[in-house]
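The figures that follow rest on heavy atoms only: side chains count, while hydrogens, waters and symmetry mates do not. One-based numbering along the sequence shown.
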Amino acid sequence: MSHDQASYLELLARGADAEAYDRPALLARASGAGAETLASLEHAKQLALRVRAELEGRRRREAELSALFETAHDLAGLRDLDAVLRAIVQRARSLLGTEVAYLSLNDPAAGDTYMRVTEGSVSARFQQLRLGMGEGLGGLVAQTARPYVTDSYFDDERFEHTRTIDTAVSDEGLVAILGVPLMLGSQVIGVLFAADRRARVFERQQVALLGSFAAHAAVAIDTANLLVETRSALAELERANEIIKDHSGVIERASEVHDRLTEVVLRGGGVHDVAAALSEVLDGTVEFTESGLEATGTDGRAVRHGQDWVAAVSAGGELLGALVLRSHPDLDPVDRRTMERAAMVTSLLLLARRSAHDAEQRVRGELLDDLLDAPDRDPRLLRERAARLQADLDAPHVVLAARIDGPDPGTSDTSGRETADRRTADRQRLWSAASHLAATRSGLAAARDGGTVLLLPLGPDDSAAELARQTSRQLSGTVRESVTVGASSPVMAPVGDPSPIAGAYAQARRCLDALRLLGRSGQGAAAQDLGFLGLLLADPGDIDGFVRRTMGEVVDYDRRRGTDLVHTLDAYFASGMSPARTKDDLHVHVNTVAQRLERIGRLLGPDWQSPARSLEIQLALRLHAMSAAVAH
């Protein structure tokens, strides 16, 4: 080995810069060495540089392995996640030789990404940067779960630029950026970056090295999360243990209330018995109420309401009432559950009571239907069925027809369907109220002909008219609507001879229609309350013949000519026989009224306005209107 070649070994031994390897050849050329010597030196130089590169690569790999080993050691003794992540970012920056390194994490709750750790950063804006998911180079890395590198950030169009990100990157002065994903399984939880303030090319080994650091960072984050979850679980277990210890007495009370409620149900107790049992267990005053329930809801939860605790008693979304614990301090969860369980038991008792009541209502309705539709039934069987309902059908009774006053069936306030639905709901409410009234009065009730029919006993000092008025007031108060009630004449011992009941019902219905036509809707009356009209209703006789004899000529004239003389006649009497007021009511000229009255006079005769004739004509007008209403 020549002296000049040995000089390369010395350069290798002292780790000289790459430029120093040019000196031996330059010195030899200056001393006049031949071409063969210079070629030999060039060959030795190339060999030395390859050896130097290999040694540099080994030293770099040793440094990388050492850094990765130190990172793994940090993970093994993880105490502070921030410290571990800072160490990872510092080592990445050092080994890749970049000016800046940083790590961002995704925030699923906020739906964005934020800077967690930065190293070498000088911009406060950059260090506090938050960016939307999918934005910037980091967004591209997170979207594809693959590393991405750019040697000139602002000239790269592969990812979405935003003003927020570009401003922060510009403040930091970054140009070349490498980003690798932080992965937990297949999920990207963040990005690890290395960046320079000048253009540069990142080698594959550097990309792989940053990926290794990113894997360690992901493990550190996962380990820290597991530690947090473990500590949280331990804390929860400790709290649960404390709760179990603190509430052992409450659990015993819950067991006690379960036994007490079971006992109440088995011995046939009611809702107030449930409230009394709950009062003893909770050491307070518990009441069942059906009013003032606006703030309770229907989910059955025990909730604070002022100074009280309230648990709704409901079924199928319907609020039936509430259990109220008066003026009581805060309830613990077990006592709340106890109160909620009592509310559930109460709802079951109420439903059972309602089912029994509905069944009784149906039975009462079926018996009344049989009395109306099948009067030839065996009186002995009818009497037995009535006795089971505590109804004495051997006593005098009155048949009553009831109906809620509402829109005319031929009109609609919003739509035909809505009006029909409302009428159906009104009929159901009226039937329910009438059934309850019949049960309290030892009578019968059934839904019939768009309304309700009742058969109620008549007391010794009562009259059919007074019973009708009482029934109208009671039903109107219950359904909160005007209820008109027409009553029949008394029926003696209906179970002995049920045949008059159907006729009495027809009489009650005629009385009901007459009340509405007379403008007395919402009242109750019997036929005797309606004077001469009542006599006709009680015994109809030849009503159609009376109308024909009194004003048939006018009715026939309207039918043949399409005129409206009947309406004019009715308006004339309603206005006190004043043509001026009549023309206002009919919205026609006074001359038109005069012409129509002249025509009516020719049809009815010259004395049609005398007191006697006018009374008969007005009665005939009412009967004609009633007949038309019944026909419809």
Side-chain angles (χ1 to χ4, degrees), residues 64 67-68 70-75 78-150 153 159 162 164-165 168-169 171-197 202 206-228:
E64 292 172 356
L68 293 173
E70 291 173 359
T71 301
H73 183 268
D74 291 342
L75 290 175
L78 179 65
R79 291 293 181 270
D80 183 352
L81 176 61
D82 286 336
V84 173
L85 294 181
R86 278 196 299 272
I88 290 173
V89 172
Q90 289 169 356
R91 290 165 188 157
R93 177 193 178 204
S94 175
L95 290 176
L96 270 67
T98 57
E99 296 173 281
V100 182
Y102 50 98
L103 182 147
S104 68
L105 291 181
N106 296 343
D107 185 347
D112 61 7
T113 299
Y114 65 97
M115 288 292 186
R116 178 65 183 269
V117 181
T118 64
E119 179 67 23
S121 171
V122 295
S123 168
R125 188 198 303 267
F126 185 80
Q127 295 165 13
Q128 299 169 6
L129 181 64
R130 294 189 76 99
L131 52 147
M133 302 292 282
E135 297 176 351
L137 184 140
L140 188 60
V141 173
Q143 185 178 30
T144 62
R146 295 174 55 190
Y148 269 87
V149 61
T150 178
Y153 174 83
F159 44 82
T162 67
T164 301
I165 303 174
V169 172
D171 281 358
E172 194 62 59
L174 301 182
V175 177
I177 303 175
L178 165 63
V180 295
L182 276 67
M183 305 287 295
L184 281 181
S186 60
Q187 181 183 5
V188 179
I189 63 170
V191 180
L192 179 61
F193 298 90
D196 260 336
R197 296 186 176 93
F202 289 95
Q206 292 173 320
V207 175
L209 177 61
L210 195 62
S212 298
F213 279 118
H216 281 299
V219 171
I221 293 169
D222 191 32
T223 302
N225 289 340
L226 290 175
L227 287 173
V228 170

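- For Y148 and F193, the ring centers are positioned 6.0 Å apart or more.
- The distance from atom CG of N106 to atom CD of Q187, rounded to the nearest 0.5 Å, is 8.0 Å.
- Within the model, atoms CG of L210 and CG of L178 stand 5.0 Å from one another, a figure rounded to the nearest 0.5 Å.
- Proximity of a side-chain donor or acceptor of R130 to a complementary backbone N or O of D112 within less than 3.5 Å is not detected.
- Rounding to the nearest 0.5 Å gives a distance of 10.5 Å between CG of L192 and OG of S212.
- Checking side-chain atoms of D107 against main-chain N and O of A109 turns up a donor-acceptor pair under 3.5 Å.
- Side-chain contact of D196 with T98: a donor-acceptor pair under 3.5 Å is absent, judged by distance alone.
- Looking only at side-chain heavy atoms (C-beta outward), E119 and Y102 stay at 4.5 Å or farther from each other.
- Rounding to the nearest 0.5 Å places CD of Q128 at 11.0 Å from CE of M115.
- Within the 4.5 Å cutoff, no side-chain heavy atoms of V149 are placed close to those of I177.
- Residues meeting the side-chain hydrogen bond (donor to acceptor under 3.5 Å, both in side chains) test with Q90, sequence neighbours left out: none.
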Mind running side chain to side chain contact (heavy atoms under 4.5 Å, CB included) on I221 and L85 for me, showing each step along the way? CA-CA 8 Å; I221 293 169; L85 294 181; 4.2 Å; yes
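- Contact annotation: the side chain of T118 never approaches that of V100 to less than 4.5 Å [non-hydrogen atoms, C-beta and beyond].
- Separating the CZ atom in R125 from the OG1 atom in T164 is a distance of 9.0 Å, to the nearest 0.5 Å.
- Between V89 and A101, the shortest heavy-atom distance links the atoms CG1-O, 3.3 Å.
- Contact record, Q206 with L96: NE2-O, 3.8 Å, taken as the closest heavy-atom pair.
- Closest non-hydrogen pair, V180 versus V207, comes out as CG1-O, 4.1 Å.
- R197 has a carboxylate O that lies under 4.0 Å from a charged side-chain N of E172, or vice versa, which qualifies the two as a salt bridge.
- Contact annotation: the side chain of I189 never approaches that of M183 to less than 4.5 Å [non-hydrogen atoms, C-beta and beyond].
- To the nearest 0.5 Å, atom CD1 of residue I165 and atom CZ of residue F126 are 10.0 Å apart.
- A distance-only check finds no donor-acceptor pair linking the side chain of R146 to the backbone of V141 [under 3.5 Å].
- Residues P181 and P147 come closest through the heavy atom pair CD-N, 3.9 Å.
- Residues L103 and L182 are in side-chain contact: their nearest non-hydrogen atoms beyond the backbone lie under 4.5 Å apart.
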Evaluate Q127 against S121 for side chain to side chain donor-acceptor pair (under 3.5 Å), listing each step before the verdict. CA-CA 7 Å; Q127 295 165 13; S121 171; 3.2 Å; yes
Going through the checks in order, is the side chain to side chain contact (heavy atoms under 4.5 Å, CB included) test met by Y153 and L174? CA-CA 8 Å; Y153 174 83; L174 301 182; over 6 Å; no
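- Here the closest heavy-atom approach between residue A145 and residue V188 is recorded as CB-CG2, 3.8 Å.
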